[in-house]
Amino acid sequence: MTCAHAARPVVGLIVPPEADTVPPEAAILFPDGVVFAARGLGIAEMSPTGFDAGLERIDAAARALLDRGAEAISIMGTSLTFYDDAAGNERALDRLRRACPGIPVTTMSTSIVASLRELDARRVSVVGAYTSDMGRRLDRFLMQSGFEVASRVDLGVSAIADLGRVTDADLRAAAERALDRAGDAAPDALLISCGGLRTIDAGARIADELGLPVVSSAVDGIRHAVRLLE
């Protein structure tokens, strides 16, 4: 049962790691007016095996967030929701809807697709935190969602604990490589995929310096989670 609403609306975030930690972008983007609550799924590795196990905990995570007053809930893991194709993302959404009927829900993968469509992007270049296998899965998800992937650069991270080692300079260099690989297939936007990559500053600088709109999981995932309250 949902507890009484706080004076400010509560957005629930289901996050892949074990800790119930709200991503830092939430407080930066929305310092006032919204309360964020997080529930971790205990996922350590960005892999199909880890994700399969984590998704089994969605129901319990959703119930815990409802008990904390959540009025909207997002699954805040991009690879967690795209790894099993676009149909897998829809299954995750359906599971979340069943766990919290009447509550608006989304996923991070749904959020990045929405942001790319808002830009009228048709062709994208991608910087992903992932191994090449997970990067290919992202390509497939994007193509199933109606985009052409002009190029992709994988940072090769599989352990969630290692995401914090990726620097702004790493992201900038990867973005340049992605655009170089695109060649004449100039992208309409750059996607930086993985909610564990800190992109709120790096994404804005990359957009300014490379002259290309940037969509990132960490930023656009939070923005679309908050939009559920509208």
Side-chain angles (χ1 to χ4, degrees), residues 2-44 46 54 57-58 60-82 89 92-93 96 99-100 103-116 118 127-129 157 160-168 171 191-207 213-230:
T2 307
C3 20
H5 291 172
R8 292 184 292 165
V10 179
V11 174
L13 308 176
I14 297 176
V15 297
E18 184 173 1
D20 299 341
T21 303
V22 174
E25 289 79 10
I28 296 170
L29 292 170
F30 297 95
D32 301 302
V34 180
V35 174
F36 294 91
R39 188 70 170 186
L41 294 176
I43 299 171
M46 294 185 287
R57 305 182 190 108
I58 290 289
R63 287 193 297 270
L65 291 171
L66 289 175
D67 287 342
R68 295 174 65 182
E71 300 170 53
I73 297 178
S74 178
I75 302 174
M76 297 293 287
T78 328
S79 50
L80 171 63
T81 46
F82 74 60
N89 182 53
L93 273 171
L96 192 53
C100 42
I103 298 293
V105 300
T106 192
T107 72
M108 193 168 263
S109 292
T110 301
S111 297
I112 62 170
V113 166
S115 289
L116 289 169
E118 287 165 7
V127 172
V157 180
I160 288 177
D162 291 339
L163 290 169
R165 300 178 186 176
V166 179
T167 67
D168 287 6
L171 293 174
L191 170 64
I192 304 177
S193 182
C194 182
L197 296 176
R198 305 278 69 89
T199 57
I200 198 162
D201 293 325
R205 283 200 296 271
I206 289 169
V214 173
V215 170
S216 73
S217 296
V219 171
D220 291 271
I222 289 291
R223 285 177 174 159
H224 281 271
V226 172
R227 284 189 193 177
L228 294 175
L229 298 171
E230 297 175 354

Query raised in the report: Hey, mind stepping through Val219 and Val214 against side-chain contact (heavy atoms from CB on, under 4.5 Å) and telling me if it holds?
Result: CA-CA 10 Å; Val219 171; Val214 173; over 6 Å; no

Requested in this report: For side-chain contact (heavy atoms from CB on, under 4.5 Å), just list the numbers for Leu116 and Asp220, CA-CA rounded to whole Å, side-chain angles, deciding distance to a tenth of an Å, and then say yes or no.
Outcome: CA-CA 10 Å; Leu116 289 169; Asp220 291 271; over 6 Å; no

**Report entry** Test log, rule side-chain contact (heavy atoms from CB on, under 4.5 Å), inputs Leu96 and Ile14
**Finding:** CA-CA 10 Å; Leu96 192 53; Ile14 297 176; 3.8 Å; yes

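Side chains of Leu197 and Val127 form no contact here, defined as non-hydrogen atoms less than 4.5 Å apart. Looking at heavy atoms from C-beta onward, Arg68 lies out of side-chain contact with Val10 at the 4.5 angstrom threshold. Residues Val15 and Thr21 fail the side-chain proximity criterion, which asks for heavy atoms closer than 4.5 Å. Using a 4.5 Å heavy-atom cutoff, the side chains of Asn89 and Phe82 are not in contact. At a threshold of 4.5 Å between non-hydrogen side-chain atoms, the residues Thr110 and Thr81 do not count as touching. Side chains of Met46 and Ile160 form a contact here, defined as non-hydrogen atoms less than 4.5 Å apart.
The heavy-atom pair separating Leu41 from Ala61 by the smallest distance is CD2-CB, 4.0 Å. Across all non-hydrogen atoms, the minimal contact from Cys194 to Leu163 is SG-CD1, 3.7 Å. Taking every heavy atom of both residues into account, Gly195 and Arg198 meet most closely at O-NH2, 2.9 Å.
The salt bridge (charged side-chain N to carboxylate O under 4.0 Å, His left out) search around Asp20 returns Arg39, not counting sequence neighbours.
Side-chain atoms of Ser109 come within 3.5 Å of backbone atoms of Thr78 as a donor-acceptor pair (strictly under, hydrogens ignored). In this structure a side-chain-to-backbone donor-acceptor pair under 3.5 Å is missing from Arg57 to Gly40.
One finds the CG atom of Leu171 at 7.5 Å from the OG1 atom of Thr199 (value rounded to the nearest 0.5 Å). Summarising the geometry, atom SG belonging to Cys100 is positioned 12.5 Å from atom CD belonging to Glu71; distances are rounded to the nearest 0.5 Å. In this structure, CE on Met76 lies 7.0 Å from OG on Ser111, to the nearest 0.5 angstrom. Taking CZ of Arg63 as the start and CG of Leu66 as the end, the distance is 9.5 Å to the nearest 0.5 Å. The distance from the CD1 atom of Ile43 to the CD atom of Glu18 is 11.0 Å, given to the nearest 0.5 Å. The distance from the CG atom of Leu13 to the CD1 atom of Ile75 is 11.5 Å, given to the nearest 0.5 Å.
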Show every donor-acceptor pair shorter than 3.5 Å between a side-chain atom in residues 221-230 and any protein atom, with sequence neighbours excluded, or say none if there are none.
{"residue": "His224", "atom": "NE2", "partner": "Ser115", "partner atom": "OG", "Å": "2.9"}
{"residue": "Arg227", "atom": "NH1", "partner": "Glu118", "partner atom": "OE2", "Å": "2.6"}

